[in-house]
Amino acid sequence: MEGKGKNISILQFFRSFFPVQILVGHVKYNLLALFYWFILFLIITDNLGSPFGIPYLFFSPEYLGEVSSFAFFLIGFSIGGFTMGFNTYSYIKIGPQYPFLLVVRKPFLKFCLNNSILPIVFSALFIYRFSRFQYQEEFASILDIVFYITSYLLGVATFMLLSLLYFFPKKHINLSDSNNLEENFSHKSYSFLNKKENWYDFFQNKTEKQYIYVGKNLKLYNSRSVKHLDEELKEKVFNSNRVNTSVFEIITIITFITVGLFRNQVIFEIPAGMSIVLLLTVILMLFSAMLSWLHRWTYPIVFILLFLMDYLSTSTNLFTFKNYAYGLSYKNESKNIYSLDEIRKTNISEEVESKQKYIQILNNWKEQTGEDKPKLIITNSSGGGSRSALWTFTVLQKSDELLNGELNKHIHLMTGASGGMVGAAYFREILLRHKKGEYSNMYSGNFRENIAKDLLNKLCFSLSTNDLFFRYQNVKINGNSYTKDRGYAFEQQLHENTENSLNHSLEYYKSYEENAIIPVMLFSPTIVNDGRRLLMSSQSFRFLTSPRSHPTSAINSFENIDYQSFFKSNNPNSIRFSTVIRSQATFPFVLPMVTMPTSPGVQLMDAGIRDNYGSKSMMEFLNETKSWIEKNTSGIIILQIRDTKKMLNKETYHQISMLDKVTLPFGNMYQNFARTQDFDQEQLLKVGVSGYNFPIEIVTFNLRENKSDRISLSWHLTKNEKQKIERAFRSAKNKISLQRLKKILNQSDKQKIDL
């Protein structure tokens with residue numbers, strides 16, 4: 001080191017170390033790319049989408065219904081794709097800030113190598129997180145976890161190698177023609193000094209900076225000066241390299257979108273987590289390709305394009321990305337006018353006829369109970385994705401089994417929202433098939449397994465490869481053509497999971513409901529356009545929309561719209577039953593809003609926005625049928641099947657901070673949304689019950705009882721979550737609810753129910 005050494009401080013080393021300087025460059029010039037990494041880091045640290053189970057899609061990916069090594073390979077493959085998208089975008093965006101790359105061999109490869117701090121940190125953290133999750137939540141063995149880690153790393157490496165093969169054969173032009181241009185850092189002698197430097201020296205600009213970069217064989221090299229190169233030549237070389245990277249990006253984007261053509265093939269039902277990463281990759285690469293060609297014009301052009309697309313979507317059929325109610329006609333001559341005048345139209349004869357027909361259904365229900373004055377049960381099933389679907393089905397199936405079939409005999413009406421109504425619909429279908437002799441054992445655990453199966457993979461894949469870009473596939477139903485999207489994918493997956501048992505039109509259930517063979521289901525999706533509710537059923541509920549009860553305009557706002565009467569010219573019962581289910585389970589952005597055949601188009605959204613438990617629909621029903629109920633029944637049982645207890649155990653409150661004062665006014669609307677509905681509907685029940693001359697009993701089954709309990713609001717459940725739902729039915733409080741239900745139904749109480 002003597003005579004040849006060079007003194008260098010630790011701070012100077014890091015100021016010259018290229019991987020660190022690339023990170024600084026990202027912060028200064030490339031925040032958009034960092035934003036995508038920020039999203040992924042938030043997901044795997046459980047800080048983004050945790051209540052909706054988004055991290056679970058990464059920690060426990062499913063392929064063909066199983067968590068497997070190949071599923072982790074696919075997740076790794078997608079992370080490798082995202083990493084290459086990040087590298088190409090970064091090379092285009094900040095590559096010119098480091099002109100020494102022009103005189104090294106394979107500059108893009110060297111850039112990727114030195115740009116790997118974020119991907120390495122992400123993968124290390126991700127491996128730790130999913131390993132712990134697999135051990136604790138999915139009960140995986142140590143050997144399985146080792147296979148998962150190996151498969152993930154192999155997936156990352158596979159995409160990286162395939163991508164780099166594109167860049168190896170002189171795809172990137174550089175000005176190096178000899179290895180002598182790369183000077184090995186290790187061949188020089190350095191000593192580190194604790195030299196005092198000012199804190200602001202880090203931010204000082206220099207005319208030309210020397211870098212220490214990771215190069216061949218992972219050795220450290222010193223960058224060479226490029227002062228002798230002409231600026232025009234530098235720009236020419238970087239522009240040429242931009243073209244190569246943008247071509248790679250365009251090829252990758254086209255490949256991803258083309259794969260979407262085969263999304264109906266089982267082999268392409270990739271993990272939902274992979275679809276999320278692919279979506280981020282496509283967006284990043286698309287923006288990068290535009291940046292390569294448009295440079296600083298990229299942002300204004302993107303803004304103009306978005307504005308133009310929005311304008312065309314309102315004035316033409318372009319970019320409307322409409323999701324359809326499968327089975328209904330959308331021809332112009334069959335479209336209804338959606339206006340205040342149409343909503344306010346009254347037809348007394350229709351309203352009277354609707355109520356008379358429904359009273360006959362009630363009479364049929366009473367007759368099939370075989371009792372003089374039976375208890376009439378109305379179920380209220382809360383929304384909550386797959387957890388509510390499985391919980392509702394579990395409560396109905398197991399309670400009915402333990403009550404010797406007395407529960408289903410007394411259920412007349414099913415109301416609720418979202419996932420809860422999915423579970424209720426499946427239970428009703430199993431009940432119907434049992435009565436028809438198709439199922440000998442309607443209490444089989446296989447049915448619970450079916451309703452708990454994944455519904456996200458196919459949906460997310462359709463979103464990432466099809467919905468945001470080109471909806472180029474169609475399907476014909478009832479002679480009408482519809483574009484395929486994630487809504488269609490969701491319905492198809494639901495049919496596949498339930499062995500096509502729900503694959504009927506709404507018409508299929510009409511006679512069974514009328515003859516009280518099965519309960520009536522009343523769905524109430526929210527109309528986004530004006531906040532009203534569309535009451536959807538195979539039966540007409542026009543009598544629930546009648547202004548005759550409150551004829552003054554100050555009271556009647558025509559909140560409810562009867563589906564059967566409003567769409568009578570569209571053959572309303574021809575709609576697919578799965579579309580009806582989906583229309584009231586359209587969680588924002590996850591599923592598309594259903595556009596009804598009206599002018600202008602009415603958009604349907606999750607019923608939980610207005611009535612998460614079905615209480616409003618139930619109270620309106622009781623108000624209109626109270627005379628019949630008082631005369632013909634011994635009272636009402638409201639069976640509440642809730643995914644969350646009203647007041648959770650061990651719930652605590654904390655002191656409001658300064659930041660809370662800024663965020664709480666907005667966060668309150670989201671965090672207390674369900675609780676606000678609880679308070680409103682509790683008040684509605686108190687007022688309503690006091691006005692009836694018949695007894696009303698409320699029996700509640702709660703899934704989540706403690707603040708620390710966690711089951712994600714998602715269309716995907718882990719093994720541990722499924723077991724939690726199974727165990728919840730046997731909780732002390734739910735046992736009490738079951739015993740109480742048994743007592744109300746006048747079942748023998750000599751022996752306790754064995755759960």
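Positions are given from 1 along the sequence.
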* To do: Determine, stepwise, if the pair Phe72 / Tyr152 fulfils ring pair (Phe, Tyr, Trp, His ring centres under 6.0 Å).
  => CA-CA 5 Å; Phe72 277 97; Tyr152 169 76; 7.7 Å; no
* List the atom of Asn87, the atom of Phe108, and the distance in Å for their closest heavy-atom pair. => O-CE1, 3.9 Å
* **Centroid-centroid under 6.0 Å between Phe111 and Tyr98 rings** => no
* Asked: Rounded to the nearest 0.5 Å, how far apart are CD1 of Ile117 and CG of Asn115?
  -> 8.5 Å
* To do: Spell out, as yes or no, whether a donor-acceptor pair under 3.5 Å connects the side chain of Thr88 to the backbone of Gly85.
  => yes
* To do: Please answer whether the main-chain N or O of Asp606 pairs with a side-chain N or O of Thr586 as donor and acceptor at a distance below 3.5 Å.
  => yes
* Shortest non-hydrogen contact from Ser60 to Val67? -> OG-CG2, 3.4 Å
* Closest heavy-atom contact between Ser131 and Ile149? -> OG-CD1, 3.5 Å
* Please find out if less than 6.0 Å separates the ring center of Phe130 from that of Tyr148. => no
* Asked: Judged by atom type as modelled, is there a donor-acceptor pair below 3.5 Å linking the side chain of Asn217 to the main-chain atoms of Lys219?
  -> no
* Distance, nearest 0.5 Å, that separates CZ of Phe59 from CZ of Arg129 -> 4.5 Å
* Structure fact -> So CG of Leu23 and CZ of Phe17: to nearest 0.5 Å the spacing works out to 10.5 Å
* **Full working for side-chain contact (heavy atoms from CB on, under 4.5 Å) between Gln97 and Asn30** => CA-CA 12 Å; Gln97 304 293 329; Asn30 199 24; over 6 Å; no
* Asked: Does some side-chain heavy atom of Asp144 sit less than 4.5 Å from a side-chain heavy atom of Gln134?
  -> no
* List the atom of Ile44, the atom of Phe126, and the distance in Å for their closest heavy-atom pair. => CG2-CD1, 3.7 Å
* Verify whether one side chain among Asn720 and Thr718 offers a donor that lies under 3.5 Å from an acceptor in the other. => no
* To do: Find out whether Leu279 and Ile283 are in side-chain contact, i.e. whether some heavy atom of one side chain is under 4.5 Å from a heavy atom of the other.
  => yes
* Nearest 0.5 Å please: distance from the CD1 atom of Ile270 over to the CG atom of Asn457. => 8.0 Å
* Evaluation steps, side-chain contact (heavy atoms from CB on, under 4.5 Å), between Val277 and Ile75 -> CA-CA 8 Å; Val277 178; Ile75 288 288; 5.9 Å; no
* Going through the checks in order, is the side-chain contact (heavy atoms from CB on, under 4.5 Å) test met by Leu162 and Phe159? -> CA-CA 5 Å; Leu162 289 174; Phe159 193 98; 5.7 Å; no
* Could you give me the CA-CA distance, side-chain angles and deciding distance for Tyr63 and Phe73, then say whether ring pair (Phe, Tyr, Trp, His ring centres under 6.0 Å) is met? => CA-CA 10 Å; Tyr63 179 69; Phe73 173 85; over 10 Å; no
* Reference residue Leu48; test side chain to side chain contact (heavy atoms under 4.5 Å, CB included); the match among Leu40, Ile54, Ile39 -> Ile39
* Structure fact -> Taken to the nearest 0.5 Å, the spacing of Trp37 CH2 from Thr83 OG1 works out to 4.0 Å
* Taking all heavy atoms of Val104 and all of Lys110, pick out the closest pair and write down the distance. => CG2-CG, 4.3 Å
* Asked: Do the ring planes of Phe82 and Tyr36 sit parallel (below 30°), tilted (30 to 60°) or perpendicular (above 60°)?
  -> perpendicular
* Within the side chain of Glu138, is there an N or O that forms a donor-acceptor pair under 3.5 Å with the backbone of Lys719? -> yes
* Is there a donor-acceptor contact under 3.5 Å from the side chain of Arg387 to the main chain of Leu717? -> no
* For the residue pair Ala71 and Pro271, what are the closest heavy atoms and their distance? -> O-CG, 4.0 Å
* Enclosure of Phe41 CZ (heavy-atom neighbours >12, cutoff 6.0 Å) -> yes
* Lys453 atom NZ: more than 12 heavy-atom contacts under 6.0 Å -> yes
* To do: Please test Phe490 against Trp715 for ring pair (Phe, Tyr, Trp, His ring centres under 6.0 Å), starting from the C-alpha separation and ending with a verdict.
  => CA-CA 10 Å; Phe490 177 86; Trp715 292 112; 5.1 Å; yes
* Asked: Distance from Tyr29 atom OH to Ser90 atom OG, nearest 0.5 Å?
  -> 14.0 Å
